[in-house]
Each structure stands twice: as structure tokens, then as C-alpha cells.
Amino acid sequence: MKLLQFTLLTAAGLAAASYASAQAPQPDTPSAMRAGEPYLPPALRKPLREASNGTALLRYQPMQKLKQRFEAADVDGSGTLSRDEAQRAGLTVVDKNFDHIDTAQRGAVSFDDLKAYLIQRREEANSR
């Protein structure tokens with residue numbers, strides 16, 4: 001009798017646990033991922049509907065990829081790219097617009113210089 005009760009209680013417990021896990025939000029849903037994941041910047045931890053600009057996530061990912069390519073192209077580890085480094089890495093945006101990005105005329109551009117240039121271009125395009 002006790003074995004039967006134990007078996008029934010175990011089966012009921014497993015069924016309840018599987019039901020609860022099926023009802024819990026899955027970690028791969030966008031709002032669940034943004035809620036408390038430590039590797040996301042604080043601005044992206046809130047759901048997109050609460051974000052001031054719905055395209056924040058869409059802008060973040062390409063910028064991170066561009067930063068990775070920028071860092072990989074920086075062969076001397078200076079934190080800046082020369083025109084030659086940009087050409088060898090295939091960063092045509094930097095190569096073609098080097099003089100516009102390098103506003104200080106240093107002969108090298110940092111990633112912050114590149115971001116400022118891209119933001120300026122986006123604002124100019126939006127104002128047209």
C-alpha cells in the first residue's frame with residue numbers, strides 16, 4: 001500500500017513539475033532574455049516595447065560586429081586604424097570615408113571616431 005502511495009505521489013509530482021516548466025517563459029524569448037541577463041547592456045535589458053526607440057536592438061548587433069571587425073583589423077593593437085589597416089581588413093566604409101572620419105587629421109581613426117561619423121550620417125539621412 002505504501003509503495004502504491006509513493007508511486008502515485010511521485011507521478012503526480014512529476015506531472016506538476018512538467019506542467020509548471022511548460023508554463024514558465026522560455027529563456028529564448030526576447031523579453032525573457034532581456035529581463036535579467038548580465039551580458040546585455042542595461043539599456044537592452046528591458047523589453048523592446050519599453051525602450052525609447054524600438055530599433056535599439058537592431059542597431060546594437062551590427063555595431064558589435066563592426067567593433068569586432070575593427071578590433072581584428074587593428075593589427076598593431078593601438079586602438080586605432082590607419083588607412084592601410086582598413087584597406088587590408090576590407091573595411092571599405094572606413095577606407096572610402098577615412099578623411100571624413102579622421103576629423104582631427106591624425107592619420108588614424110578610433111572606433112569612437114567611426115561611431116560618431118556613422119551617427120552623423122544617419123542623422124543627415126533622417127533630416128532629408
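Arg83 has its side chain within reach of Asp99: a pair of non-hydrogen atoms, C-beta onward, lies under 4.5 Å apart. Between Val93 and Leu66, every side-chain heavy-atom pair lies at or beyond the 4.5 Å cut-off.
Applying the salt bridge (Lys or Arg N to Asp or Glu O under 4.0 Å) test to residues at least two apart or on different chains, none of the pairs has a partner in residues 119-128.
Within the 3.5 Å criterion, the main-chain N or O of Val109 finds no donor-acceptor partner in the side chain of Asp113. Not one N or O on the side chain of Asn97 forms a donor-acceptor pair closer than 3.5 Å with the backbone of His100.
The aromatic rings of Phe70 and Phe111 stand perpendicular to each other, their planes meeting at an angle above 60°, with 30° marking the opposite boundary.
Side-chain heavy atoms closer than 4.5 Å link hydrophobic residues (I, L, V, M, F, W, Y) into clusters, and following such links, possibly through other members, connects Val94 to Met63.
Rounded to the nearest 0.5 Å, atoms NZ (Lys96) and CG (Leu91) are 12.5 Å apart. In this structure, CG on Asp95 lies 10.5 Å from CG on Leu81, to the nearest 0.5 angstrom. Asp84 contributes atom CG, which lies 10.0 Å from atom CZ of Phe98 (distance to the nearest 0.5 angstrom). Atoms OG and CZ, on Ser82 and Arg88 in that order, are 6.5 Å from each other to the nearest 0.5 Å. Within the model, atoms OG1 of Thr103 and CD of Gln120 stand 9.0 Å from one another, a figure rounded to the nearest 0.5 Å.
The two atoms that bring Thr80 and Glu85 nearest to each other are O-OE1, 3.3 Å, heavy atoms only.
Using modelled atom types, one finds a donor on one side chain and an acceptor on the other under 3.5 Å when comparing Ser78 with Asp76.
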